[in-house]
Amino acid sequence: MVVAGIDIGSTTGKAVIMIDDKIILGKIIMASIKPAQTARLAIEAALENAGLTAQDELQYIVSTGYGRLKVDFGNENISEISCHAKGAFHTDPEVRTIIDIGGQDCKAISLSAKGAVLGFEMNERCAAGTGRFFQVMAKVLACGLEGIGSPGNISPTAATISNQCSVFAESEIISLVNNDVPLPDIITGINRAVASRVSGLVRRAGLADKVVITGGCYGNEGLVNALEQALGLKVNRLPVNPQFMGALGAAVFAMEKFRAKTTETQINMEGAK
Amino acid sequence: MRSGLKSDIFEKFAALAGSISNSELEGWKQQGGKVIGYTCSFVPEELFVAAGLMPFRIRATGSLSAGRADDYFEAANICSLVRHCFNKILTGEYEFIDGCVIGGGCDANRHILDNWEKSEARIPFLHRIFFPHSSGILMAQNFRNQLENLKQLLEEHFGLKITDDKLRDAIVLCNEIRDLQKAIYALRKVDNPPITASETIALVVAGYSMPKEAYKADLTQLLEELRCVTVPENKKTVRLMVVGPGHDEPTLCDIIETMGGTVVTDLTCYGGKTLFGSVREADPDPLQALADYQVIDRPLCPKNLDAHPIINREVMDKIKEYRVDGIIGQSYLCCETWGGELFLLQKELKEAGIPMLRIEREYTSDSLGQVQTRVQAFIETISGGLL
């Protein structure tokens with residue numbers, strides 16, 4: 001069985017192909033203003049990595065992410081909350097809490113021991129606590145996203161960032177820069193401010209060990225460190241690239257759906273005999 | 001697809017609910033009829049009907065901006081429904097009304113009157129009544145006195161007499177309309193409801209936008225037809241109830257039904273919240289009957305200090321009656337009245353094992369992607385095993 005999951009997020013597009021139980025990741029594709037086009041590029045990259053030549057070889061496709069409704073070649077779409085849950089639990093069945101920080105939103109998802117979604121919380125419309133916030137701050141500090149996430153920039157004397165609005169926080173950080181506050185202090189302050197906001201979402205959704213982080217911000221060591229302090233629990237890395245977790249979950253759903261469909265067809269055929 | 005509906009009443013209701021001015025209203029005006037606008041569901045329409053006036057509930061249908069209204073509201077904590085309604089007033093879309101009664105159900109609503117008086121928009125009759133903060137006989141008496149005062153002002157301004165007999169007739173008519181609406185709502189208790197959420201919203205909003213006798217005739221015919229329609233058996237869906245403030249346009253419900261849910265009932269200010277019991281019909285003091293209905297029998301506004309247990313009970317009853325799988329608690333940003341109510345409700349529903357999704361939004365249909373994702377995830381979570 002060959003199936004695919006496609007995650008069209010606000011910032012990037014990702015696709016995962018599953019050939020039976022084998023998982024093949026595609027590439028991170030920067031999202032264009034046309035989600036369908038991003039989806040095609042993402043699936044082409046995954047097909048190439050899987051050694052497949054044509055999209056026709058995919059027997060079932062599930063789309064997810066903000067652009068999920070625009071994927072015109074998918075069989076169905078499922079929300080990114082269900083897909084991140086499915087992908088993370090498939091990768092590690094001990095996962096009970098997922099923190100997904102994407103380009104323009106962040107989510108906290110609580111899972112049962114069977115992998116069912118028990119609760120979820122999302123940020124409201126503002127960009128605070130999302131990848132976009134980090135992008136804006138990295139630009140102000142001229143340190144790149146690598147600088148924001150670098151373990152070398154974790155400081156014990158973090159600056160206090162009181163504003164979590166991207167616009168107001170930018171002004172606040174410019175003031176700190178002009179007051180010669182060391183860069184690691186400012187960066188740690190930024191990561192702690194985001195961790196504080198995200199930890200509120202996590203507690204509302206339901207916090208339980210084991211906690212994992214998915215989405216594009218998973219590589220931010222400073223943020224992970226700040227989240228661990230805010231939650232009082234270890235924030236774990238998954239063995240599969242966490243940025244692909246939505247696409248992987250969509251692929252696992254695709255596999256389950258296709259198997260169920262195949263079984264149903266067989267039962268109907270046997271019944272007809 | 002539903003089959004067997006002979007008339008085009010749903011199309012008519014959708015047209016009436018989809019705009020402010022409409023053909024029924026224009027027909028009424030052409031015959032010399034007067035129209036009185038009002039805000040808030042506790043302002044008794046019966047009083048206007050008894051006066052021979054056509055009540056028209058203020059709404060913001062189709063509004064894309066509150067730019068002009070924002071110049072007037074000094075505080076930032078005014079919900080977008082109120083701001084968009086007042087914007088419609090300022091842009092002249094309510095020029096057809098001959099007067100307006102503002103119900104002070106919430107403070108934001110009250111600001112419409114303050115700003116109207118300051119604005120360039122002229123209105124020959126503008127009055128405010130307050131909804132008491134608590135229930136009880138004294139409060140009902142207070143509300144009755146306000147209604148008596150309003151009655152006298154209407155009589156003086158419009159040069160008419162509102163007799164007790166006319167009031168009793170109006171009460172009977174409005175009770176009949178409520179009963180018909182309730183009967184149509186009840187049709188959604190079945191597995192495959194014959195009406196969609198959008199049609200239900202159009203049905204109730206149309207009732208605030210046309211003469212009552214004609215509305216009653218339409219409802220009577222529609223109910224008769226709906227009882228005979230056939231609806232194909234659909235796959236099982238998640239049955240949801242919407243709870244929250246004024247909800248006069250179908251965007252949210254359309255999202256819910258597109259994402260695989262079915263809205264089977266609601267407790268919202270334009271809809272289910274107004275379909276509560278009946279007003280006493282043969283009371284020697286019809287004004288007192290109206291006041292008792294609003295303050296003692298139906299104190300479903302979270303502004304009322306005694307409302308919470310009643311709202312809770314009403315929601316729990318509806319969950320059983322309509323076999324509701326989950327609640328969508330929607331409110332507008334800055335709506336503290338409903339914000340607090342939904343917070344309490346969510347806590348109690350959680351204890352009862354009923355899932356609830358909270359959505360805070362603006363009146364205009366912005367950030368639909370976020371809402372779609374949350375609604376879809378909520379539906380998927382409830383239907384868990386099916387995925």
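Reminder, nothing fancy here: chain letters follow the sequence lines and each chain counts from 1. Since the model is a prediction, treat every value here as computed from it, not as a measurement.
Looking at B/Ile379, there are no atoms closer than 4.5 Å to chain A (heavy atoms on both sides), in backbone or side chain. Contact of A/Ile109 with chain B is not made at all, since no heavy-atom distance falls under 4.5 Å.
Rounding to the nearest 0.5 Å gives a distance of 6.5 Å between CZ of A/Phe120 and CZ of B/Arg374. The structure places CZ of A/Phe253 at 6.5 Å from CD of B/Glu380, a figure rounded to the nearest 0.5 Å. Between atom CG of residue A/Asn77 and atom CE of residue B/Met259 there is a gap of 6.5 Å, rounded to the nearest 0.5 Å.
The 12-atom threshold is not exceeded at NZ of A/Lys70, counting heavy atoms of other residues, nucleotides or ligands nearer than 6.0 Å. By the 6.0 Å contact criterion, CZ on B/Phe343 is open, its count of non-hydrogen atoms from other residues, nucleotides or ligands being 12 or less.
The shortest distance between side-chain heavy atoms of B/Gln376 and A/Ile81 does not fall below 4.5 Å.
In this structure a side-chain-to-backbone donor-acceptor pair under 3.5 Å is present from B/Gln370 to A/Asn123.
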